Each structure stands twice: as structure tokens, then as C-alpha cells.
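Step one of this worksheet: look at the structure below.
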Amino acid sequence: MTGQELSTSQWRRIWAITAGAAALFVIVRELPTGTNLSHMDFRVQGPNVIEFCDPANPQFLPVVAVRSPVTLSVTTPGPPAAGSDVRATLVLTTFSGKPIAPEDLQVVQTRRIHLLIVDPSLDDYQHVHPVPGRKPGEWTFQFRPRFGGAYRVFADFTPVATNRGLYSETEIEVDGAPNPVAAGTQAPSWTASSGGYDFALAPASLPIRAGVAATLRLSVTRPGGGTVPLLPVMDAYAHLVAFDTKRSGFAHIHPNETDLSRHPDSASPAFTFRVTIPSPGRYVIWSQVNLAGTETFAPFWFDVARVP
Ligand SMILES: [Cu+2]
């Protein structure tokens with residue numbers, strides 16, 4: 001073919017192939033993806049809009065201070081009370097006013113919506129997963145607050161249309177006596193006991209400094225020794241969630257050990273995490289693990305120092 005002009009029939013073939021490819025492209029684009037929302041539904045104009053998180057470098061997300069393109073509203077049939085189960089209905093609405101249905105959200109860490117619920121003292125932290133309700137766009141969930149006060153609810157989800165993690169928050173007012181312990185007055189500690197197990201969170205170096213990536217090692221043991229029956233929860237053997245005392249946002253961190261088929265040590269399972277906390281102050285990290293089917297949470301209070 002070199003040095004020769006293309007014949008009419010060859011041109012025709014080239015055009016046929018090109019037209020075929022273009023038609024295929026259009027057909028594939030028009031196939032239903034399951035979601036009726038487009039990435040424009042999640043666009044919000046103006047400054048101070050929430051940034052999407054980079055899962056490789058988990059950062060503290062200032063959810064309260066920034067505007068989310070998604071509104072989270074939670075309603076309860078009656079006034080929620082401390083010590084009683086609260087059955088709540090949740091609606092997520094896009095910036096353009098459309099309700100977000102199950103098919104609009106990706107399954108991330110085995111669920112479509114993760115809710116992080118925490119009381120003003122940060123001593124009552126719960127992680128729950130809403131399920132689709134009866135009406136389109138409605139989700140339901142249940143939790144039992146330990147204290148009275150304004151519980152903050154952070155929703156963590158990923159729209160199919162944007163394929164990026166997104167966050168939204170609201171509050172639920174709970175009747176009852178608030179925790180007499182104020183947030184941040186808890187004694188700093190890298191060890192905790194919960195559910196009959198001992199938990200330790202060991203920083204690779206101290207102090208933890210604002211804006212500097214910290215490596216943390218979580219280990220679980222039995223007080224008298226013995227097997228720790230650790231099972232995966234939400235696609236990981238352990239989860240850490242960090243909160244500041246003002247509950248302005250959170251960091252949700254997963255272990256560097258991502259291979260679930262590699263079973264952790266049965267007597268002292270341990271996992272390493274990396275997190276960067278942008279501002280100095282007192283923080284709590286709640287760990288969450290699944291011990292023989294029981295989800296167990298343990299808190300670690302610590303201080304983040306400013307960079308000298
Ligand atoms: Cu979750």
C-alpha cells in the first residue's frame with residue numbers, strides 16, 4: 001500500500017468501520033447505567049465546596065465547614081430518647097433537588113451509605129448502614145443513643161455519577177441526660193478495653209503533628225492471652241475513625257493490609273494505618289473490629305501537636 005493512493009472501495013471500507021465504531025459508542029453511552037442522576041446533579045457553585053477524598057491518602061474531612069452538594073435530612077416518628085432504639089428515616093437530596101435512590105449510589109466497603117453517628121462528648125460513637133425504605137429516595141436506620149444531646153450524623157457515600165466519595169451531615173436531637181464528661185476532657189490514652197479484649201493503638205513516632213502523616217498500629221489481645229476471633233467487617237479487618245472535639249468532620253481510615261485472604265495473627269492481630277490530621281488539638285480515634293460476629297468499638301484520645 002506504501003506510496004499508493006487509496007482506492008474508492010478502500011475509502012468506503014474505512015468509512016464503514018469508522019461509522020460502525022461511532023454507532024457502537026452511541027449505543028453503549030445510551031445503555032441504562034441504573035442511575036438517573038448525572039454528575040451535574042452533584043455540582044455546587046461557589047467557594048468552600050467539599051473536596052473529594054483521596055482514598056490513598058486519607059485526610060481529615062471538614063464536613064461541617066464546607067458545603068456539600070447533597071442535603072441529608074433525618075426524621076424520626078417521635079422524639080428520640082437516650083437508652084431507647086431510634087428508628088429514623090433518611091433522605092439524601094442532590095443540589096438540583098432530586099432524591100438519591102439506591103441505584104444512584106455505589107457499594108463501597110460492602111454498603112451504599114455509611115453513617116457515623118456521634119454524641120457531643122464523642123463517648124458514644126456508632127456506625128450504621130441505612131437500608132432502602134418503602135418510598136423511593138427514603139432510607140431507614142436504627143440506633144440506640146446512650147446519652148441526650150445533639151447527635152451529629154455524618155453520611156459517607158459515593159454517587160455512581162461521579163464515582164467519588166461524598167459526605168453530608170445533619171443532627172438528631174436526643175432527649176435525656178447528656179454525658180457529664182465533656183468532649184476533650186477524657187484522659188489521653190493509646191490503650192483501651194472493650195468487650196473483654198484489650199486494644200492498643202501505637203503511633204510510630206510521638207508526638208503526632210498537624211499536617212504530618214502519622215503511622216498507627218492497632219493491635220487486639222485477650223487479657224489472659226488466647227485466640228482473638230477477628231473477622232472482616234466492611235471489607236477490612238479493622239476501621240479507624242478520627243474526630244476532633246468540635247465534631248467538625250472526620251477521617252475514616254482503613255488498614256494498609258488490604259488482603260482479606262491473609263489471615264491476621266490469631267493471638268495478637270495487628271494492622272497499620274496512615275492518617276494526616278491538619279490541625280493541632282485533642283482528637284479521638286474510634287477503632288471498629290468484628291470479634292466472632294460482635295462489632296466492638298474502642299476509643300483512643302490523643303493530642304495533635306503543631307509543627308514546630
Ligand atoms: Cu460502614
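First listed ligand is number 1; within each ligand, the first listed atom is number 1. Given the structure is predicted, the values throughout are model-derived calculations rather than measurements.
Using a 3.5 Å distance cut-off with no hydrogens or angles, the side chains of Y151 and D124 do pair a donor with an acceptor. Residues Q109 and H239 bring no donor and acceptor atom of their side chains to less than 3.5 Å of each other. In the model, S9 has a side-chain atom that pairs as donor or acceptor with a side-chain atom of S7 under 3.5 Å. In the model, D235 has no side-chain atom that pairs as donor or acceptor with a side-chain atom of T110 under 3.5 Å.
For a distance threshold of 2.8 Å, the protein N, O or S atoms nearer than that to the Cu ion (ligand 1), listed by chain and number, are H114 ND1, H127 NE2, H129 NE2, M234 SD.
Using a 4.5 Å heavy-atom cutoff, the side chains of L231 and L291 are not in contact.
Taken from CZ in F273 to CD in E257, the straight-line distance is 7.5 Å, to the nearest 0.5 Å.
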